[in-house]
Visitor: 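Below: one structure in structure tokens.
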Amino acid sequence: MRVSLVQMTAVRNDKQANLDKMEQFIEKAAHDNASIICFPEMSITGYVRKMPYDVAESVKGPSVKRLSNLAIKHGITVLAGMAEKSDDSFYISHVTLHPDGMVEVYRKTHLGAREKKVFSQGEHIPIFNTHHEGKRVKFGVGICYDLHYPELVTSIAVQGARVIFAPHAAPIGGERRLHIWEKYLPARAYDNGVYVLSCNLVGHDGKKHFGGGIGVWNPRGENILRCDDENELMLMLDLDMNVFDKKYGMDKTAGFLEDRRVKLYLDSAGFKLQGDQIG
């Protein structure tokens with residue numbers, strides 16, 4: 001399954017310029033037969049930590065509509081980040097735009113200290129579907145800080161996801177970003193038997209400099225794509241989905257999820273389960 005990962009500069013308060021740039025990446029990815037393209041955290045609006053009144057939109061707003069039309073036109077699944085406004089709350093969100101017009105959203109569930117002053121935490125861990133060679137492929141999204149929490153990735157994996165996208169907005173150099181990712185993302189991939197794919201904002205957004213970085217880890221925890229270039233770019237990779245087929249003798253990590261003792265963990269932490277609900 002061919003995926004595209006983008007590192008780009010998302011200028012604060014200039015959604016039009018950001019969307020114009022994203023359209024070019026989408027057209028190139030579709031031309032090269034990618035099934036999915038993933039943009040970094042807040043790629044539509046630029047990364048903001050003050051009240052985003054001027055840039056935040058509903059997922060039914062014009063920015064998402066424009067990207068949704070591109071997903072339909074080019075037959076590609078688009079993952080894009082934004083500051084989302086819903087009623088009186090703001091979220092750091094990543095939308096999934098399907099070729100059939102469906103629009104879905106993940107809201108960042110773990111926020112940094114400064115983000116908490118502005119944004120609300122998401123309360124759901126959804127999984128999404130795409131199709132490859134006539135088969136449904138489940139995937140999930142964790143945004144930047146989310147990936148420091150093993151429970152989130154496991155919650156996605158036990159729902160059947162095979163691929164987890166990790167869009168970032170990290171203001172550190174690409175080489176250092178990759179060095180930090182190597183401390184924990186291989187474990188997220190290996191322990192849960194999933195692909196983990198990360199990409200980051202890059203360049204100066206008007207107030208802050210982002211360092212870029214693209215990395216992919218396979219279900220064995222091996223790094224299969226690494227880029228610390230600090231320029232705007234897109235990389236493509238063909239994910240071997242056969243690794244999840246036991247007949248190839250490569251599905252070695254599934255037992256980790258099957259052998260979890262969820263009731264023991266919750267009881268030890270002081271939680272009590274109702275009935276037999278241990279998922």
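Computation of the quantities below employed the complete heavy-atom set of this structure, encompassing side-chain atoms and omitting hydrogens, waters and symmetry-equivalent molecules.
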Visitor: Going by heavy atoms in the side chains, are Leu19 and Ser63 under 4.5 Å from each other?
Guide: yes

Visitor: Is the shortest side-chain heavy-atom distance between Arg49 and Glu115 below 4.5 Å?
Guide: yes

Visitor: Check the hydrophobic clustering (I, L, V, M, F, W, Y; side-chain heavy atoms under 4.5 Å; chains of links allowed) and say if Met82 and Val103 are grouped together.
Guide: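 They do share one cluster, since a chain of ILVMFWY contacts under 4.5 Å joins Met82 to Val103.
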
Visitor: First locate atom OG of Ser155, then atom CD1 of Ile125, and finally report the distance between them rounded to the nearest 0.5 Å.
Guide: 4.0 Å

Visitor: Is Leu225 reachable from Leu147 through a run of hydrophobic residues whose side-chain heavy atoms are each under 4.5 Å from the next?
Guide: yes

Visitor: Should the heavy atoms of other residues, nucleotides or ligands under 6.0 Å from CD of Glu175 be counted, would the total exceed 12?
Guide: no

Visitor: Does Glu230 reach the main-chain N or O of Gly174 with its side chain, forming a donor-acceptor pair under 3.5 Å?
Guide: yes

Visitor: Going by heavy atoms in the side chains, are Lys15 and Pro62 under 4.5 Å from each other?
Guide: no

Visitor: Are Val105 and Val141 connected, step by step, through hydrophobic side chains (Ile, Leu, Val, Met, Phe, Trp, Tyr) whose heavy atoms are closer than 4.5 Å?
Guide: no

Visitor: Let's go through Ile172 and Ile180 carefully: what are the C-alpha distance in whole Å and the side-chain angles of both, what is the deciding distance for side-chain contact (heavy atoms from CB on, under 4.5 Å) to 0.1 Å, and is it a yes or a no?
Guide: CA-CA 10 Å; Ile172 57 177; Ile180 293 173; 3.6 Å; yes

Visitor: In terms of hydrophobic clusters joined by side-chain contacts under 4.5 Å, are Val48 and Phe210 together?
Guide: yes

Visitor: For the residue pair Cys227 and Leu235, what are the closest heavy atoms and their distance?
Guide: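 Minimum heavy-atom contact is CB-CD1, 3.6 Å.
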
Visitor: Does Thr154 use its side chain to pair, donor to acceptor, with the backbone of Pro150 at less than 3.5 Å?
Guide: yes

Visitor: So, applying side-chain contact (heavy atoms from CB on, under 4.5 Å) with Met1, which one of Thr130, Leu237, Asp238, Asp240 is it?
Guide: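 Result: among Thr130, Leu237, Asp238, Asp240, Thr130 is the only option passing the side-chain contact (heavy atoms from CB on, under 4.5 Å) with Met1.
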
Visitor: What distance separates Ile127 CD1 from Phe139 CZ, expressed to the nearest 0.5 Å?
Guide: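 Taking CD1 in Ile127 and CZ in Phe139, the distance rounds to 9.5 Å.
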
Visitor: Taking Thr77 for the side chain and His98 for the main chain, is one N or O donor matched with an acceptor at less than 3.5 Å?
Guide: no

Visitor: Measure the shortest side-chain to side-chain distance between Val163 and Ile36 over non-hydrogen atoms and say whether it is less than 4.5 angstrom.
Guide: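 Side-chain contact under 4.5 Å: no.
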
Visitor: State the CE-NZ distance between Met8 and Lys21, to the nearest 0.5 angstrom.
Guide: 5.0 Å

Visitor: Between Trp217 and Ser198, what is the shortest heavy-atom contact and its length?
Guide: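 Closest heavy-atom pair between Trp217 and Ser198: CZ3-OG, 4.3 Å.
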
Visitor: Looking only at non-hydrogen atoms, find the nearest pair between Ala29 and Ile37 and report the distance.
Guide: CB-CD1, 3.9 Å

Visitor: Determine whether Val202 and Ile44 fall in the same hydrophobic cluster, where Ile, Leu, Val, Met, Phe, Trp and Tyr are linked whenever their side-chain heavy atoms lie under 4.5 Å apart.
Guide: no

Visitor: Quick one: which residue pairs count as a ring-ring contact (aromatic ring centres under 6.0 Å, His included) with a foot in residues 52-90, not counting sequence neighbours?
Guide: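 ring-ring contact (aromatic ring centres under 6.0 Å, His included) check on residues 52-90 returns Tyr53-Phe90.
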
Visitor: Tell me, do Lys138 and Gln159 make a side-chain contact under 4.5 Å, heavy atoms counted?
Guide: no

Visitor: More than 12 heavy atoms of other residues, nucleotides or ligands under 6.0 Å from NE2 of His179: yes or no?
Guide: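 No.
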
Visitor: Can you list everything that forms a side-chain hydrogen bond (donor to acceptor under 3.5 Å, both in side chains) with Lys116? Sequence neighbours excluded, please.
Guide: none

Visitor: Can a donor-acceptor pair be found, under 3.5 Å and without considering hydrogens, that links the side chain of Glu104 to the backbone of Pro126?
Guide: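 The answer is no, because no donor-acceptor pair under 3.5 Å joins these two groups.
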
Visitor: Would you please indicate yes or no on a ring centroid separation below 6.0 angstrom for Phe256 and Tyr190?
Guide: yes

Visitor: Any side-chain heavy atom of Ile92 sitting closer than 4.5 Å to one from Met42?
Guide: yes

Visitor: State, yes or no, whether a side-chain contact exists between Met22 and Val78 at a heavy-atom distance under 4.5 Å.
Guide: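 Met22 vs Val78: side chains apart.
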
Visitor: Between Asn218 and Asn223 (side chain of the first, backbone of the second, donor and acceptor by atom type, cut-off under 3.5 Å), is there such a pair?
Guide: no

Visitor: Under 3.5 Å, side chain of Gln7 to main-chain N/O of Asn231, donor-acceptor pair present?
Guide: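 Yes; at least one donor-acceptor contact below 3.5 Å.
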
Visitor: In Å, rounded to the nearest 0.5 Å, how long is the span from OG of Ser4 to CD1 of Ile214?
Guide: 9.5 Å

Visitor: In a check of side-chain contact (heavy atoms from CB on, under 4.5 Å) between Leu97 and each of Leu70, Asn69, Ile72, Leu67, which one passes?
Guide: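 Of all the options given, the one that passes is Leu67.
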
Visitor: When rounded to the nearest 0.5 angstrom, what distance separates OH in Tyr145 from NE2 in His110?
Guide: 8.5 Å

Visitor: Could you work out, with salt bridge (charged side-chain N to carboxylate O under 4.0 Å, His left out) as the rule, every residue matching Asp20, not counting sequence neighbours?
Guide: Arg66

Visitor: Who pairs with Lys85 by side-chain hydrogen bond (donor to acceptor under 3.5 Å, both in side chains), at least two apart in sequence or on another chain?
Guide: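 Lys85 satisfies side-chain hydrogen bond (donor to acceptor under 3.5 Å, both in side chains) with no other residue.
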
Visitor: Would you say that more than 12 heavy atoms from the other residues, nucleotides or ligands in this model lie under 6.0 Å from the CG of Asp100, or not?
Guide: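 Counting other residues, nucleotides and ligands, CG of Asp100 exceeds 12 neighbours.
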
Visitor: Specify whether His168 and Trp181 have parallel, tilted or perpendicular ring planes, treating 30° as the upper limit for parallel and 60° as the lower limit for perpendicular.
Guide: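 Aromatic pair His168/Trp181 classed perpendicular.
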
Visitor: So if I apply the side-chain hydrogen bond (donor to acceptor under 3.5 Å, both in side chains) rule between Lys108 and each of Glu84, Glu41, Gln121, which one comes out positive?
Guide: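 Output: one option passes, namely Glu41.
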
Visitor: Is it the case that the side chain of Tyr265 and the backbone of Arg261 share a donor-acceptor pair, with hydrogens and angles ignored and the cut-off at 3.5 Å?
Guide: yes

Visitor: Counting N and O atoms only, with roles assigned by atom type, does the side chain of Asn129 sit under 3.5 Å from a partner on the main chain of Arg136, one being a donor and the other an acceptor?
Guide: no

Visitor: Does the side chain of Thr109 pick up a donor-acceptor pair with the side chain of Asp146 at under 3.5 Å?
Guide: yes

Visitor: Kindly say whether Thr9 contributes a backbone atom to a donor-acceptor pair with the side chain of Asp205 at under 3.5 angstrom?
Guide: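 Checked: no pair found.
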
Visitor: Using 0.5 Å steps for rounding, measure from the CG atom of Leu201 to the CZ atom of Phe39.
Guide: 11.5 Å

Visitor: Are the side chains of Ile156 and Tyr106 in touch, meaning some heavy atoms are under 4.5 Å apart?
Guide: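 Not in contact.
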
Visitor: Restricting to side-chain hydrogen bond (donor to acceptor under 3.5 Å, both in side chains), what partner residues turn up for Glu123, sequence neighbours left out?
Guide: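 Not a single residue meets the side-chain hydrogen bond (donor to acceptor under 3.5 Å, both in side chains) criterion with Glu123.
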
Visitor: Is the backbone of Leu152 close enough, under 3.5 Å, to the side chain of Arg188 for a donor and an acceptor to pair up by distance?
Guide: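 No; zero donor-acceptor contacts below 3.5 Å.
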
Visitor: For residues Pro167 and Cys38, report the shortest heavy-atom separation together with the two atoms involved.
Guide: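 In this case the closest contact between Pro167 and Cys38 is CB-SG, 4.4 Å.
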
Visitor: List the residues meeting side-chain hydrogen bond (donor to acceptor under 3.5 Å, both in side chains) with Thr96, not counting sequence neighbours, and say none if there are none.
Guide: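 For Thr96, no residue satisfies side-chain hydrogen bond (donor to acceptor under 3.5 Å, both in side chains) once neighbours in sequence are set aside.
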
Visitor: So for atom NE2, which belongs to His204, do other residues, nucleotides or ligands contribute more than 12 heavy atoms lying within a distance under 6.0 Å?
Guide: yes

Visitor: Which atom names give the shortest non-hydrogen contact between Asn192 and Ala157, and what distance separates them?
Guide: CB-CB, 3.8 Å

Visitor: Identify the heavy atoms of Ala83 and Thr45 that sit nearest to each other, and give their distance.
Guide: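 In this case the closest contact between Ala83 and Thr45 is N-OG1, 3.2 Å.
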
